[in-house]
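The next block holds one structure in the form of structure tokens; read it before the comments.
As the structure is a computational prediction, the values presented were derived from the model and not from experiment. Below, each value reflects all heavy atoms present in this structure, side chains not excepted, and no hydrogens, waters or symmetry copies. So that the names make sense, note that chain A is the first sequence line, chain B the second, and so on, each numbered from 1.
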Amino acid sequence: MPHINLPKEYPGIRSLFIYRPETAAPLNGLVQQLLYSPHPTLSQGERELIATYVSSLNHCKYCSTIHGAIAKHHLHNGNVVEKVKANPDDAPISKKLKSLMKIAGKVQISGKEVLPSDIEAARNEGATDIEIHDTVLIAATFCMFNRYVDGLATWAPDDLEVYDRMGKQRAEEGYLTPPFKIKS
Amino acid sequence: MAHIQVPEGVPGIRSLVMFRPETGQYLYELAQVLLRGESPLSEAERELIAAYVSSHNDCVFCMSSHAAAARYLFKDKKQLVDFVLTDYQSAPISNKLKALLNIAGKVQVNGKNVLPEDVEEARRQGAIDRDIHDTVLLAATFSMFNRYVDGLASFTPTDPQAYEEMGVRLGEKGYALPHNS
């Protein structure tokens with residue numbers, strides 16, 4: 001049961017967005033810009049994989065499952081999502097994305113863990129300043145969302161089919177359209 | 001030196017949002033709503049929670065700038081900021097604020113660490129849903145800002161005077177997106 005009185009029809013972050021629309025607006029704008037809006041080089045699927053990986057390191061069931069589902073719909077590949085969650089180094093992704101995942105994993109622990117050598121390794125794989133910036137900010141942002149969602153003990157459904165439907169909606173529509181009710 | 005090419009001499013988060021205003025606009029809007037918008041917690045208390053979480057994350061830039069903003073906003077009670085950052089349990093603050101700082105400290109580690117008894121204790125001390133919500137979101141948000149600022153190794157001034165000036169600016173003007181000149 002959530003720690004505060006939240007709308008019961010919606011899970012996770014969606015229940016918090018409805019509870020407090022004033023903070024929902026910039027939070028949802030941020031995630032739309034980071035994960036969905038056009039990016040010069042990183043695909044929507046790649047950015048969702050970074051969000052999924054960080055959420056899984058934070059053991060946030062709601063965020064890791066929903067972003068995993070969104071990534072799966074973007075990439076038309078559920079296997080790569082599972083492999084990234086298990087270990088990005090063994091996943092079928094580019095060397096550049098692996099080097100960015102390494103940076104994201106360090107940010108999840110603390111920003112200070114990111115060393116010049118990590119940045120250099122990413123640059124050697126062709127990573128640009130914007131890619132490094134967005135990787136750090138996606139990782140930092142999900143360290144926020146994971147804490148917000150779990151710190152208030154929001155509802156995380158058990159049924160994977162629910163996440164698949166929500167994930168399809170977000171992959172198709174982005175983050176700004178209204179959510180559908182999970183419970184009536 | 002920062003890990004990416006940000007404007008030189010501009011400290012912390014400001015240099016990062018100038019590099020990428022597309023995301024920066026939402027970060028500043030979030031800070032303004034969360035720290036200056038309507039809330040049962042005073043602006044000074046919210047800045048204090050931000051400084052407390054940033055000190056747990058060992059983020060010198062965020063801790064120093066938000067502690068300075070809290071000192072400015074607490075006015076003649078400004079010495080309690082350093083009491084709280086050293087040991088909030090013995091600081092001259094309300095039991096409600098202590099219970100909320102306990103929750104913020106747990107969120108800093110992981111959201112799951114917040115237990116029903118932590119929330120019950122805050123309610124016993126008079127906290128309502130919005131106090132608890134704002135505390136958790138503040139702690140979560142600074143767990144983001146701290147990682148963003150340090151993860152890109154942005155410039156952290158060492159001169160205390162620089163932070164005092166930031167504290168005055170944040171206290172008087174709040175959070176407005178800086179523009180590239």
Option in [options] with maximal non-hydrogen atom pairs under 4.5 Å from chain A:
{"options": "B:L115, B:V109, B:V119, B:I4", "value": "B:I4"}
{"options": "B:E120, B:Q32, B:E22", "value": "B:E22"}
{"options": "B:A140, B:G24, B:A153", "value": "B:A140"}
{"options": "B:N110, B:N113, B:V114", "value": "B:V114"}

Return the option, out of [options], with the maximum number of heavy-atom pairs under 4.5 Å with chain B.
{"options": "A:K106, A:H59, A:E120", "answer": "A:H59"}
{"options": "A:L34, A:L137, A:L16, A:T141", "answer": "A:L137"}
{"options": "A:Q32, A:Q33, A:E113, A:M1", "answer": "A:Q33"}
{"options": "A:A140, A:P116, A:A153", "answer": "A:A140"}
{"options": "A:C143, A:A25, A:A139", "answer": "A:C143"}

Distance-minimising heavy-atom pair for A:V136 and A:I103: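 Result for this residue pair: CG2-CG2, 3.9 Å.
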Can a donor-acceptor pair be found between the side chains of [X] and [Y] at a distance below 3.5 Å?
{"X": "A:T41", "Y": "A:E131", "result": "yes"}
{"X": "A:S99", "Y": "A:R123", "result": "no"}
{"X": "B:Q25", "Y": "B:E29", "result": "no"}
{"X": "A:N58", "Y": "A:S55", "result": "no"}

Stepwise side-chain contact (heavy atoms from CB on, under 4.5 Å) check, A:D164 with A:K72: CA-CA 9 Å; A:D164 194 63; A:K72 186 196 90 175; 2.6 Å; yes
Hey, would you say the [X] and [Y] ring centroids sit under 6.0 Å apart?
{"X": "B:F142", "Y": "B:F145", "answer": "yes"}
{"X": "B:Y148", "Y": "A:H133", "answer": "yes"}
{"X": "A:F142", "Y": "A:H67", "answer": "yes"}

Less than 4.5 Å apart, any side-chain heavy atom of [X] and any of [Y]?
{"X": "B:R14", "Y": "B:Y28", "answer": "yes"}
{"X": "B:R46", "Y": "B:L34", "answer": "no"}
{"X": "A:R147", "Y": "B:V136", "answer": "no"}
{"X": "A:H39", "Y": "A:I130", "answer": "yes"}

Shared-cluster residues of A:I18, by chain and number - hydrophobic side chains joined below 4.5 Å: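 Other cluster members: A:Y10.
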ILVMFWY cluster membership beyond A:L115 - transitive side-chain contacts under 4.5 angstrom: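 Cluster partners of A:L115: none, it stands alone.
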Please flag which part of [X] lies under 4.5 Å from any non-hydrogen atom of chain A: side chain, backbone, both or neither.
{"X": "B:Q108", "answer": "backbone"}
{"X": "B:V107", "answer": "both"}
{"X": "B:L27", "answer": "side chain"}
{"X": "B:R130", "answer": "both"}
{"X": "B:V6", "answer": "neither"}

Contacts with chain A made by residues 68-84 of chain B (heavy-atom distance under 4.5 Å), listed by residue number: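 None at all.
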Residues of residues 47-59 of chain B contacting chain A, heavy-atom criterion under 4.5 Å, by residue number: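 The residues closer than 4.5 Å to chain A, in numerical order, are B:N57, B:D58, B:C59.
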Working for side-chain contact (heavy atoms from CB on, under 4.5 Å), residues A:Q44 and A:L35: CA-CA 6 Å; A:Q44 293 169 327; A:L35 300 182; over 6 Å; no
Greater than 12 external heavy atoms within 6.0 Å of B:Q89's CD: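 Enclosed: over 12 neighbouring heavy atoms sit under 6.0 Å from CD of B:Q89.
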Taking side chain as everything from C-beta outward and backbone as N, CA, C, O, which of these in [X] sits under 4.5 Å from a heavy atom of chain B? Side chain, backbone, both or neither.
{"X": "A:I109", "answer": "backbone"}
{"X": "A:Y19", "answer": "side chain"}
{"X": "A:I119", "answer": "side chain"}
{"X": "A:D134", "answer": "side chain"}

Note: B:K106-B:D118 ion pair, threshold 4.0 Å (strictly below):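 Yes, this pair counts.
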